[in-house]
Amino acid sequence: MADQPKTAEPGRARLSPRKKQQVSRGIQYLVLVAALVGVVLYADWGSLAQNFAKPEVAREALPDLFTVALRNTIIYAVGGFVCSFVLGLLLALMRLSQVRPYRWIAIVYIEIFRGLPALLIFLMITFLPLALPGFQVPFGTYGQGILGLGLVGAAYQAEVFRAGLQAVPKGQTEAARSLGMSATRSQITVVIPQAVRMVIPPTTNQFVALLKDSSLVLFLGVSGEYVELAKFGNDLASQYANATPIMVAGVTYLIVTIPLGYLASRLEGRKGSTR
């Protein structure tokens, strides 16, 4: 006699996948709430406010926070971005070149500067006058900071441009050549402008990254009128033996980077919707 199929007992009915998902989500919420309650009960809010959010110390950062530190941060970031943009485009064209030595040079540069910590690049720049007697980076401290950011950023920007250049349909180049344009002119007037438009979102993200990396300028030994946000906050924190200036500098970074990150996301969304 064949076995009769077993029926689940009423009290032990198996949960449906949807019910399991609801139970799992409920457990995750409970864990999150428990963690938040633990943090609230454990933290010494009075001590945190005294050491990280002291109003009178924060006021001491004004107005130099904006007129000196933020201004210098923007100078370093914008200068480094312009340098990385131009050099990155050149490296991308070299990497896609049919001339093999150009490709080798571009590949070696990109791999080295992407593989080395950015901090080492800035430290090497400080020793340039020793390695090359008589050599001076133009524009002094500003030039050193811009050079460091530009060299590091160019390696990443080159890969961004390479992806954009390869994304331009080959038919665009063929159409330009059929109109009598030379290979160089078709690149400059047809391919590169389209590639630049394609890479605007990741290029915006690259600028945000350079803005944050500008904090590495402090390893050049900057002081006085050349300090950027990180150095400015650290110096004030040491002067007042309080971390509030570091928090103020961090908030200032966020005031600039969050809108830029939002802009990059909007540009990426708009690019995706037009495909």
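The analysis underlying the following values was restricted to heavy atoms, covering all of them including side chains, and did not include hydrogens, waters or symmetry mates.
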Quiz item: Are R25 and Y29 close enough, and set up right, to give a side chain to side chain donor-acceptor pair (under 3.5 Å), and what steps lead you there?
Solution: CA-CA 6 Å; R25 189 181 299 116; Y29 278 120; 5.5 Å; no
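- Closest approach of L149 to S214, counting heavy atoms only: CD2-N, 3.9 Å.
- For the pair L70 and L65, the minimum side-chain heavy-atom distance is 4.5 Å or more.
- Between V208 and the options D213, L260, V256, L263, a side-chain contact (heavy atoms from CB on, under 4.5 Å) holds for only L260.
- For the pair S215 (side chain) and A230 (backbone), a donor-acceptor distance under 3.5 Å is absent.
- Using a 4.5 Å heavy-atom threshold, the side chains of L87 and Y109 count as touching.
- Judged by distance alone, the side chain of N72 and the main-chain N or O of V227 form a donor-acceptor pair under 3.5 Å.
- Considering only heavy atoms from C-beta on, T126 stays 4.5 Å or farther from F219 through its side chain.
- T204 places a side-chain N or O within donor-acceptor distance of the main-chain N or O of I200, the cut-off being under 3.5 Å.
- Using bins of under 30°, 30° to 60° and over 60° for the plane-to-plane angle, the ring pair Y226/Y142 lands in the perpendicular bin.
- Counting non-hydrogen atoms of neighbouring residues, nucleotides and ligands closer than 6.0 angstrom, the CD atom of Q98 reaches no more than 12 such neighbours.
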Quiz prompt | Worked verdict on V222 versus Y76 for side-chain contact (heavy atoms from CB on, under 4.5 Å) | solution = CA-CA 12 Å; V222 296; Y76 291 130; 4.0 Å; yes
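- Between A118 and L216, the closest heavy-atom pair is CB-CD1, 3.5 Å.
- Across Q144 and I125, no two heavy atoms sit closer than the pair O-CD1, 3.9 Å.
- Closest approach of T203 and Q157 over heavy atoms only: OG1-NE2, 3.1 Å.
- Put simply, V196 and V168 are part of the same group of oily side chains (I, L, V, M, F, W, Y) that touch within less than 4.5 Å, one to the next.
- I107 is not connected to L116 by any chain of hydrophobic side-chain contacts under 4.5 Å among Ile, Leu, Val, Met, Phe, Trp and Tyr, and they are in different clusters.
- Although no hydrogens or angles enter the test, the distance criterion places no donor-acceptor pair under 3.5 Å between the side chain of S97 and the main chain of L93.
- For the pair K212/T257, a side-chain contact is recorded, criterion being any heavy-atom separation below 4.5 Å from C-beta on.
- Cluster annotation: L62 and V68 are assigned to the same hydrophobic cluster (Ile/Leu/Val/Met/Phe/Trp/Tyr, side-chain heavy-atom contacts under 4.5 Å, transitive).
- Comment: E159 engages R162 in a salt bridge, judged by a side-chain N to carboxylate O separation of less than 4.0 angstrom.
- Counting only heavy atoms from C-beta outward, the side chains of V217 and K231 never approach each other to under 4.5 Å.
- Between F122 and G148, the shortest heavy-atom contact is CZ-C, 3.8 Å.
- Taken together through direct or relayed side-chain contacts under 4.5 Å among Ile, Leu, Val, Met, Phe, Trp and Tyr, V86 and F139 form parts of separate hydrophobic clusters.
- One hydrophobic cluster, built from ILVMFWY side chains closer than 4.5 Å, holds both V108 and I121.
- In this structure, T67 and R71 have side chains that are not in contact, with every pair of non-hydrogen atoms separated by 4.5 Å or more.
- Of all heavy-atom pairs between E228 and L218, the closest is OE2-CB, 3.7 Å.
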